[in-house]
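Beneath this line is the structure, given in structure tokens, with notes to follow.
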There are 2 protein chains.
Amino acid sequence: MQVSVNHSDGPRAASEPARRATMRDVAALAGVSIKTVSRVINGAPSVSDGLRDRVTGAIARLDFRPNLAASSLRRADGATRQIALLLEDVANPFSAALSRAVEDAARERGTLVFAGSLDEDPLRETELVRAATLHRVDGILLVPAGPDHGYLEREVRSGTPVVFADRPPRGLAADAVLATNEEGAREAVLHLADHGHTEIAFLGGERRISTSAERLAGYRAALAERGLAERPGRVADDLPDAGSAARAVAAMLDSGDPPTALFTAQNLVTIGAIRTLQERGLHGRVAVAGFDDFPMADLLLPRVTVVAQDVAGIGALAVRRLFARIAGDASPPREERVPTSLVVRGSGEIPPPPR
Amino acid sequence: MQVSVNHSDGPRAASEPARRATMRDVAALAGVSIKTVSRVINGAPSVSDGLRDRVTGAIARLDFRPNLAASSLRRADGATRQIALLLEDVANPFSAALSRAVEDAARERGTLVFAGSLDEDPLRETELVRAATLHRVDGILLVPAGPDHGYLEREVRSGTPVVFADRPPRGLAADAVLATNEEGAREAVLHLADHGHTEIAFLGGERRISTSAERLAGYRAALAERGLAERPGRVADDLPDAGSAARAVAAMLDSGDPPTALFTAQNLVTIGAIRTLQERGLHGRVAVAGFDDFPMADLLLPRVTVVAQDVAGIGALAVRRLFARIAGDASPPREERVPTSLVVRGSGEIPPPPR
DNA sequence: CTGTTAGCGCTTTCAG
DNA sequence: CTGAAAGCGCTAACAG
């Protein structure tokens, strides 16, 4: 209503880069101390209605935006309301879904998320962790690329909690949220076996990634459970991309003794395998069950049976742990497992050819 | 080598949350002034080798990490080395690819990226823009959800440049990097026509999104160019998701006069259309050309002919503009168009049935 | 309920 | 080439 202050900052041309208003400007315009402005901004109860209104009005008139960085610099808890999410590649479906789950949870807490792609490169991991610490993020959510995470100990000790998703930490005690890789793989292979297959191949992703090993273990467990022998030519692990997977499948099919069913233990491997089957017109004859769902899996013909990971669930749980740590939870690190689920669509139910 | 300072901060239990070292700690340990440390950190040339080595040693010993927020608070240019990327949904393929391109360019400039999903919600747009400004990002890259962007004027004036990607600004003069939507759509429809189709339907996404209108214009231009009449029942625009697209296609097929070819002007629309065709066993009989490529488009049978957008190109160009603005480029806003390309895969070359 | 003073960690003056 | 003092925008710790 009553404004008693004149334009305090002289002539301001429309084009000249306007300086952002600070708390001091607001205080001056409202005729209160800067501290009172701070109280209003932070919703402190102990401000009279009259002053609060004056301050609110000044804030609106000046279009004042509190500087979060300055605030956290001085604030006791030092929180910056930013977290880092470091993962494989923001462009791949798994990471993208994880990212979205994390973003949603962070938004509820007024926190912004830095996303960074590691491309399975340990060096990128340490670089991005460093960048995150320079920005003083409140916490780090990591799908690790590197083989050892001891270097994170000092970050954790100096107050930046780290939570692992999808893959466990090594050389560091930290929270981890993982999928039930072994059980999921076992379920898929049992499913193939129960549809009559005895010649089931394993095609897996990079060996150094922990999930690969767990899924291979699940494959072996299922074979054992059904009394099937594991044959050397039936296992191709350490496939880095779809192309190598396609070639590995081709080689198996060309052998004198081709498998009648494929368990593909990773996204890209599944895709590579399907491509080879399509090329040979075998996509309706060789059964396929894949680990991890992928876009369009239910539009391919036959539709692709997969063990789906609850990616959003993993993300949500991991970010929840992270915020608990940020809030001060000092309980021992824990590992949580999020269950997978078999999605039956057709490709996994193709029977073996009559002998 | 020679260390002459004793442990200056008393007994420190391994578990107690270690305070991060500051420049003052480094200065004390190195026996120099805090300003010299600052010079070393910022690579100022005017520091003698001896001092530089002492400082470097102290930094390493204390595991010192400069606080970027504190630095930018005082720094003349106020740069925070963070930008915001606000887009549709980090989990969808278009946004994810854009995100990756932006991340890569930002990384080269030592800048971190906040990604935020708007879900086509104008309110989210303003909320996230606000959050970004509270964090004092150096710039904002926006795939807008809202109908008007005049509110961004004050951000731009107070020094936060905004660059638009995929969709142009309204009510604001700002840089924009867009695809050649009309030309791309035209090319796809001409392609269908040149394969003998005269009954070509248009299925488009939400009408209020500018790309939809441009693509519809391209469809019309192509029809006109080939002397084909536009018939009312052939156009279904404003389809918000794959389900509505599927239903729209079904309705057209059920009409007495079904189209022989479909131009699907958006990702999800293409997918919905294909689903309906599959359900009716028509996926080998009705031609389809879609706007915007999507994962697995080349694994579906028939493989899907699309007009592919150069998403990475759009992202790279947009982020480049943004960094130019951040660096102080004050030239008039410009609109740039990134060309699309027709990817011929099979579904678009299906001929019309003999009459 | 309100204000004053000090200082977060750093860079900018401006002196030597 | 080096350093002392001031201050970025804000909150903590005390006053009153």
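Each chain gets a letter, A, B and so on, in the order the sequences are listed, and its residues count up from 1.
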For R107(A), what residues pass the salt bridge (charged side-chain N to carboxylate O under 4.0 Å, His left out) criterion, not counting sequence neighbours?
E103(A)
With sequence neighbours left out, what residues match R154(A) under salt bridge (charged side-chain N to carboxylate O under 4.0 Å, His left out)?
D63(B)
Within residues 129-138 of chain A, residues whose heavy atoms come under 4.0 Å of DNA chain C
none
Filter on ring-ring contact (aromatic ring centres under 6.0 Å, His included), then keep only pairs touching residues 37-58 of chain B, sequence neighbours left out; what's left?
none
Which parts of residues 67-78 of chain B get close to DNA chain C, meaning a heavy atom less than 4.0 angstrom away?
N67(B), A70(B), S71(B), L73(B), R74(B), R75(B), A76(B)
For dT11(D), take OP1 and OP2 only and decide whether either is under 4.0 Å from a side-chain N or O of S38(A).
yes
Under the side chain to side chain contact (heavy atoms under 4.5 Å, CB included) rule, collect the residues that match up with S71(A), sequence neighbours excluded.
R75(A)
Rounded to 10 degrees, the angle between the two terminal axes of the helix from dC1(C)-dG16(D) to dG16(C)-dC1(D), each from five pairs
30°
Taking side-chain hydrogen bond (donor to acceptor under 3.5 Å, both in side chains) as the test, write out the residues that go with D77(B), two or more places apart.
none
Considering residues at least two apart in sequence or located in another chain, which fulfil the side chain to side chain contact (heavy atoms under 4.5 Å, CB included) criterion with A174(B)?
F164(B), P169(B), L172(B)
Answer with base, sugar-phosphate or nothing: what part of the nucleic acid does R24(B) contact at a heavy-atom distance below 4.0 Å?
sugar-phosphate
Would you indicate what I41(A) reaches in the nucleic acid, counting non-hydrogen atoms under 4.0 angstrom: base, sugar-phosphate, or nothing?
nothing
In whole Å, I'd like the distance from the CZ atom of R81(B) to the C1' atom of dC10(C).
16 Å
Which residue pairs pass the ring-ring contact (aromatic ring centres under 6.0 Å, His included) test with at least one member in residues 25-62 of chain B, sequence neighbours excluded?
none
OP1 or OP2 of dG3(C) less than 4.0 angstrom from a side-chain nitrogen or oxygen of S33(A), does that happen here?
yes
Which residues satisfy the side chain to side chain contact (heavy atoms under 4.5 Å, CB included) test with A318(B), sequence neighbours excluded?
L141(B), V163(B), A165(B), V177(B)
Using the closest heavy atom to pick a nucleotide of DNA chain C for each, name whichever of R39(B) or R65(B) lands nearer the 5' end.
R65(B)
What is the distance from CD1 of I34(A) to C1' of dA12(D), rounded to the nearest Å?
13 Å
Send over the distance from N42(A) CG to dA12(D) C1', rounded to a whole Å.
12 Å
Working to the nearest 0.5 Å, report the span between CG of L68(A) and CZ of R81(A).
7.5 Å
Residue-phosphate contact under 4.0 Å: T36(B) side-chain N/O, dC1(D) OP1/OP2:
no
Can you measure D25(A) atom CG to dC10(D) atom C1' for me and round it to whole angstrom units?
13 Å
Hits for side chain to side chain contact (heavy atoms under 4.5 Å, CB included) against L73(B), two or more places apart or cross-chain, chain-then-number order -> N67(A), A70(A), L73(A)
Rounded distance (Å) that lies between atom P of dA4(D) and atom CE of M23(B):
15 Å
Among L322(B), T160(B), I140(B), find the residue that satisfies the side-chain contact (heavy atoms from CB on, under 4.5 Å) test when tested with I83(B).
L322(B)
Examine distances only and state if a side-chain atom of R109(B) and a backbone atom of A105(B) form a donor-acceptor pair shorter than 3.5 Å.
yes
Between dG9(D) atom P and L62(A) atom CG, what is the distance in whole Å?
14 Å
